[in-house]
Amino acid sequence: QQPVQSPQAVILREGEDAVINCSSSKALYSVHWYRQKHGEAPVFLMILLKGGEQKGHDKISASFNEKKQQSSLYLTASQLSYSGTYFCGTEIWSVGAAGNKLTFGGGTRVLVKP
Amino acid sequence: DGGITQSPKYLFRKEGQNVTLSCEQNLNHDAMYWYRQDPGQGLRLIYYSQIVNDFQKGDIAEGYSVSREKKESFPLTVTSAQKNPTAFYLCASSAGTGIVLEQFFGPGTRLTVL
């Protein structure tokens with residue numbers, strides 16, 4: 001089942017902060033975050049394993065609340081380069097030889113203006 | 001330089017024709033994935049493979065087929081049974097099997113069926 005991302009879109013001024021949320025109805029093994037620029041391939045930002053560890057990538061950080069099956073991505077002091085669509089991908093533990101897979105959310109469009 | 005290549009970048013086909021999209025990686029990754037992305041939407045998993053000569057259906061496998069005869073190659077065939085094949089197709093790979101590690105994406109193939 002696809003995770004739900006919110007908000008669907010956000011417009012920021014350079015230097016402002018934003019939070020993107022990703023919620024799942026299933027117990028998660030990990031949450032991945034990717035950013036995609038228009039017409040390009042998604043680029044990996046970070047992985048959060050269950051355990052609630054917060055991670056960072058430049059001024060972008062994320063947390064994972066295992067009890068709520070929710071992850072949040074924090075854009076701090078946003079830069080023009082932060083513009084793009086952010087996707088979360090959720091991983092559920094799969095028993096068997098097939099291995100795990102990611103299910104991606106619908107994305108959050110971020111536009112940072114000067 | 002290591003990476004993933006997809007060809008062609010743009011592909012036009014007539015309705016009813018099968019078409020094969022190429023995906024090659026020289027990262028020595030075990031796992032490979034095919035995703036479909038429609039305008040303004042997230043990524044949906046078509047097929048994935050953890051090892052050579054083995055692959056699993058994703059969430060939207062109907063109308064598609066794959067093969068994994070070599071570790072570095074994972075071609076996707078869009079068959080005439082796929083009702084709405086026009087989309088952006090992304091191939092990805094990752095180092096691990098079992099769990100999902102960082103996914104590296106190719107530049108994508110934009111398929112238009114006329």
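Within every chain, numbering begins at 1; the chains are lettered A, B, ... in the order of the sequence lines, protein sequences first and strands thereafter. Values below: all heavy atoms of this structure, side chains included; hydrogens, waters and symmetry mates excluded.
- For B:Q37, the part lying under 4.5 angstrom from a heavy atom of chain A is the side chain only.
- A tilted orientation is assigned to the rings of B:F104 and B:H29, their planes being inclined by 30° to 60°.
- A centroid separation of less than 6.0 Å is found between the aromatic rings of A:F104 and A:Y34.
- When each of A:G89, A:P42, A:G105, A:G106 is scored by its heavy-atom pairs under 4.5 Å with chain B, the top score falls to A:P42.
- Proximity to chain A is limited to the side chain of B:F88, based on heavy atoms less than 4.5 angstrom apart.
- Distance alone, capped at 3.5 Å, places no donor-acceptor pair between the B:Q6 side chain and the B:L21 backbone.
- With B:Q25 contributing its side chain and B:N28 its backbone, the two residues share a donor-acceptor pair below 3.5 Å.
- Proximity to chain A is limited to the backbone of B:Q41, based on heavy atoms less than 4.5 angstrom apart.
- Your options are A:Q8, A:Q36, A:Q5, A:E40, and the one with the most heavy-atom pairs under 4.5 Å with chain B is A:Q36.
- In this structure, A:K37 places its NZ atom where more than 12 heavy-atom neighbours from other residues, nucleotides or ligands lie under 6.0 Å away.
- Residue B:L45 touches chain A through its side chain alone, counting heavy-atom pairs closer than 4.5 Å.
- Between chain A and the options B:V100, B:I51, B:L43, the largest number of non-hydrogen pairs under 4.5 Å is found for B:V100.
- Looking at every heavy atom in both residues, B:L27 comes nearest to B:S93 through CD1-OG, 3.7 Å.
- Of the possible donor and acceptor atoms, none in the side chain of B:T77 sits under 3.5 Å from a partner among the backbone N and O of B:T20.
- Annotation: maximal heavy-atom pairing with chain A below 4.5 Å, among B:S94, B:G58, B:G42, B:G106, occurs at B:G42.
- Contact of B:R110 with chain A is made through the side chain alone, with heavy-atom distances under 4.5 Å.
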